Number of protein chains: 4
Amino acid sequence: MCPPSSTGAVRGRPRREGVSDAVVTALVRLVATHGYAGTNLDAVARTAGVAKTTLYRRWPSKGALAVDALATTLGAPPVGGVDAADDIHRAVDWLAQRVRDLEVRRLLVGLVAEAGVDDDVRRALRRRLRDPVAERLVDRWGLEPGEVDLAVDLVVGTLLHRLALNGEITAEDAERVTRIVTGLVDR
Amino acid sequence: MCPPSSTGAVRGRPRREGVSDAVVTALVRLVATHGYAGTNLDAVARTAGVAKTTLYRRWPSKGALAVDALATTLGAPPVGGVDAADDIHRAVDWLAQRVRDLEVRRLLVGLVAEAGVDDDVRRALRRRLRDPVAERLVDRWGLEPGEVDLAVDLVVGTLLHRLALNGEITAEDAERVTRIVTGLVDR
Amino acid sequence: MCPPSSTGAVRGRPRREGVSDAVVTALVRLVATHGYAGTNLDAVARTAGVAKTTLYRRWPSKGALAVDALATTLGAPPVGGVDAADDIHRAVDWLAQRVRDLEVRRLLVGLVAEAGVDDDVRRALRRRLRDPVAERLVDRWGLEPGEVDLAVDLVVGTLLHRLALNGEITAEDAERVTRIVTGLVDR
Amino acid sequence: MCPPSSTGAVRGRPRREGVSDAVVTALVRLVATHGYAGTNLDAVARTAGVAKTTLYRRWPSKGALAVDALATTLGAPPVGGVDAADDIHRAVDWLAQRVRDLEVRRLLVGLVAEAGVDDDVRRALRRRLRDPVAERLVDRWGLEPGEVDLAVDLVVGTLLHRLALNGEITAEDAERVTRIVTGLVDR
DNA sequence: TTCTAATCGAGACGGTACGTCGTGTCTTCTT
DNA sequence: AAGAAGACACGACGTACCGTCTCGATTAGAA
């Protein structure tokens with residue numbers, strides 16, 4: 001979560017502990033309150049009790065920091081389904097649940113938007129969000145990569161778009177999406 | 001498409017004709033070139049040969065103007081399917097096709113992002129994009145509104161998210177999504 | 001005070017009576033409240049219950065209107081001194097008194113400033129303010145024009161500058177200026 | 001002349017040297033060319049090779065910057081007269097001379113106008129222009145403060161008003177004003 | 001009575017400046 | 001090195017005001 005120093009060197013003053021956590025926490029809270037675009041890094045630094053310099057030393061941009069924060073807040077997907085269908089079910093449920101958290105929601109919507117503009121954010125988002133889930137399904141259950149990719153996009157995209165246009169998402173919606181995706185991938 | 005004057009009566013100097021069209025055209029072109037975030041209203045006004053004040057007189061914000069522009073560029077969904085499945089097929093194909101247009105893509109991605117920040121944009125986007133398609137399927141074929149809503153969000157959301165994360169969308173993707181949605185709605 | 005129609009013609013709809021008065025009154029009041037620069041013609045028109053078009057049909061610019069308003073508010077200098085010294089005394093007293101009126105003060109300060117930028121205003125101000133007083137002293141008492149001009153500028157300039165820097169002017173100040181000018185012009 | 005940083009301590013990046021000078025120089029030149037009202041801060045910043053934000057970080061408004069610029073351009077009044085009359089003579093001559101400089105003239109006229117609107121400008125103008133001259137005459141020659149204040153206003157006000165209404169000022173005018181003021185203050 | 005011309009209300013329009021905000025970089029001193 | 005503090009460049013934002021314009025609707029005297 002906390003990005004390593006650019007040089008692996010142990011020379012010089014070590015990074016103060018807890019700083020990255022404080023920054024991520026501050027950003028998550030501010031984004032939940034004012035939205036992604038409405039959150040500026042000066043405020044994040046001030047809230048975290050840290051100088052802006054420190055912030056830019058650890059992350060290259062607002063987007064990179066936010067991706068990090070999203071990954072932290074989102075947590076890891078569940079593991080240990082008994083078969084592919086079960087795994088998919090768990091993953092979709094977990095995602096639908098997490099997305100109903102305001103913090104996750106605001107971050108995710110803001111970042112997907114940013115991904116449309118900033119290529120770095122797009123790559124980071126893909127690597128940190130889609131790939132972990134997809135790789136697991138491919139490696140463990142031998143599902144076809146193309147299908148899985150589409151399935152993930154279908155889940156995330158649908159839920160997100162629903163949020164963007166409705167501002168809300170119901171348990172029933174999540175259930176439906178689960179069914180669709182299970183049917184799609186699991187033959 | 002062109003926003004109406006505040007008063008319905010024809011008092012005062014009438015709005016110059018063609019101005020709204022010129023502005024929308026300019027915005028669409030600039031967004032296609034520089035992206036949504038990279039397009040500023042000064043440039044839009046200059047390109048349209050119009051003063052910035054005029055622009056702000058007709059639309060309250062960049063987002064509202066862009067929603068208008070998107071609706072114009074997107075055009076109307078196809079009509080005249082022989083049954084519900086056919087209608088859905090046509091609608092999804094049309095949407096997938098339109099979304100592959102750079103202009104539509106850039107506008108749509110930018111606006112969905114904006115919808116996460118600006119409630120007015122969210123409402124406008126919903127009213128101008130989802131409702132027309134959904135209403136048709138509900139009114140004409142008697143489909144269940146909740147199902148249709150989800151279906152539309154699934155199509156748009158999936159395609160959009162795919163665009164955001166991949167930067168591309170293939171004909172095969174569109175075909176798959178069509179199949180899923182047809183199966184979903186058409187019992 | 002009320003400017004005549006551009007053409008002397010009697011054809012067409014006659015100007016509505018009382019309009020110019022209402023406009024001048026509105027401007028004087030607004031300038032007294034918000035200062036010259038802080039007063040905009042839209043507000044003047046609205047306050048006077050008149051369209052901006054009407055206003056610009058009667059006066060060519062904000063400055064011209066304000067000069068008119070100043071002349072109206074200022075009124076005519078006193079006449080009928082028994083000798084030159086008496087005339088001067090009366091004129092200075094009158095001016096000092098009028099300048100202590102907030103309305104006159106704000107207008108005058110604003111207009112002298114405008115005169116530094118706008119040549120039309122400068123000429124108008126000169127013709128409407130200085131020339132009447134000066135001509136009288138020259139024509140009636142045979143004073144030397146150059147001296148009188150300087151004397152008028154000295155009175156107005158001193159009082160105005162004092163106002164500009166102090167925001168106030170005392171009766172004693174006026175008395176002193178009177179003495180200086182009387183001694184200056186009356187040999 | 002150059003406004004101090006907000007904190008007295010030397011924390012953070014120090015202000016770039018020469019920036020304030022460059023800005024003042026740019027403003028003086030532009031005001032001399034286009035007048036006070038015709039000079040905009042974008043152009044000042046561009047001419048000085050500086051960002052507009054930097055400019056607003058150092059001065060709170062156009063007026064404050066202009067007061068600074070005026071003080072710099074005006075320079076210090078002459079010192080070292082053999083008696084009060086001599087000092088006054090020198091001061092008036094100096095002022096009349098400086099005022100004939102286009103740069104000083106334009107700035108002064110514009111600022112006195114601004115003083116009528118902006119109280120901060122009024123106070124600054126008073127402190128930076130009148131007080132230095134007045135204090136010297138009071139402290140050194142024991143002249144009565146009230147008299148001196150009026151005398152200064154008389155000189156500046158008369159010359160300025162003359163400029164505003166005539167657009168010019170002659171050597172003879174300056175000589176006359178000198179005589180009046182000398183007689184006024186020097187008993 | 002019809003024609004003609006000026007006036008009024010309402011508001012759109014072009015142009016220009018304003019002051020503010022946010023990102024990411026840079027510079028200095030301190031730890 | 002890392003951190004705190006804050007200056008800086010750049011670029012966009014939305015607003016305000018001036019003076020011009022274009023309408024439809026009046027309102028008179030002239031034909």
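From a predicted model like this one, the values you see are computed outputs, not experimental measurements. Quick note on labels: first sequence line is chain A, next is B, and so on, each numbered from 1.
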Check: Can you check the A:Leu55 CG to F:dA5 C1' distance for me, whole Å?
Finding: 14 Å
Next item on the list: Have a look at C:Val50 and say if it touches a base, only the backbone sugar-phosphate, or nothing, with a 4.0 Å heavy-atom cut-off.
Entry: sugar-phosphate
Margin query: Do B:Ser20 and B:Arg58 pair up side chain to side chain, a donor and an acceptor below 3.5 Å, judged on atom types alone?
Written below: yes
Check: Which side-chain hydrogen bond (donor to acceptor under 3.5 Å, both in side chains) pairs, counting each pair once, include a residue from residues 33-44 of chain C, with sequence neighbours left out?
Finding: none
Next item on the list: Rounded to the nearest angstrom, tell me the gap between atom CH2 in C:Trp59 and atom C1' in F:dT20.
Entry: 18 Å
Notebook entry, point to check: So which one's nearest nucleotide on DNA chain F is more toward 5', D:Glu17 or A:Arg57?
Noted result: A:Arg57
Notebook entry, point to check: At their closest point, which heavy atom of D:Val50 faces which heavy atom of D:Val19, and how far apart are they?
Noted result: CG2-CG1, 3.9 Å
Checklist line | side-chain N/O B:Arg58 vs E:dC13 OP1/OP2, d < 4.0 Å | finding: yes
Notebook entry, point to check: Just wondering, do D:Thr72 and D:Asp21 contact through their side chains at under 4.5 Å, heavy atoms?
Noted result: no
Next item on the list: Please examine the side chains of A:Leu41 and A:Leu65, heavy atoms only from C-beta on, and report whether any two atoms are closer than 4.5 Å.
Entry: yes
Next item on the list: Test side-chain contact (heavy atoms from CB on, under 4.5 Å) on C:Leu125 and C:Arg122 and set out the steps.
Entry: CA-CA 5 Å; C:Leu125 210 51; C:Arg122 200 179 74 193; 5.9 Å; no
Next item on the list: Rounded off to whole Å, could you give me the CZ-to-P distance for the D:Arg15 and F:dA9 pair?
Entry: 12 Å
Notebook entry, point to check: Contact class for C:Arg16 (heavy atom, under 4.0 Å): base, sugar-phosphate, or nothing?
Noted result: sugar-phosphate
Margin query: Strictly below 4.0 Å: does D:Arg11 bring a side-chain N or O up to OP1 or OP2 of E:dC29?
Written below: no
Margin query: Within the 4.0 Å limit for protein heavy atoms, which parts of nucleotides 18-27 of chain E are touched? Write it as a string from 5' to 3', B for base, S for sugar-phosphate only, - for none.
Written below: SBBBBBBBBB
Check: Starting at CZ of A:Arg46 and ending at P of F:dA4, how long is that distance when rounded to a whole Å?
Finding: 14 Å
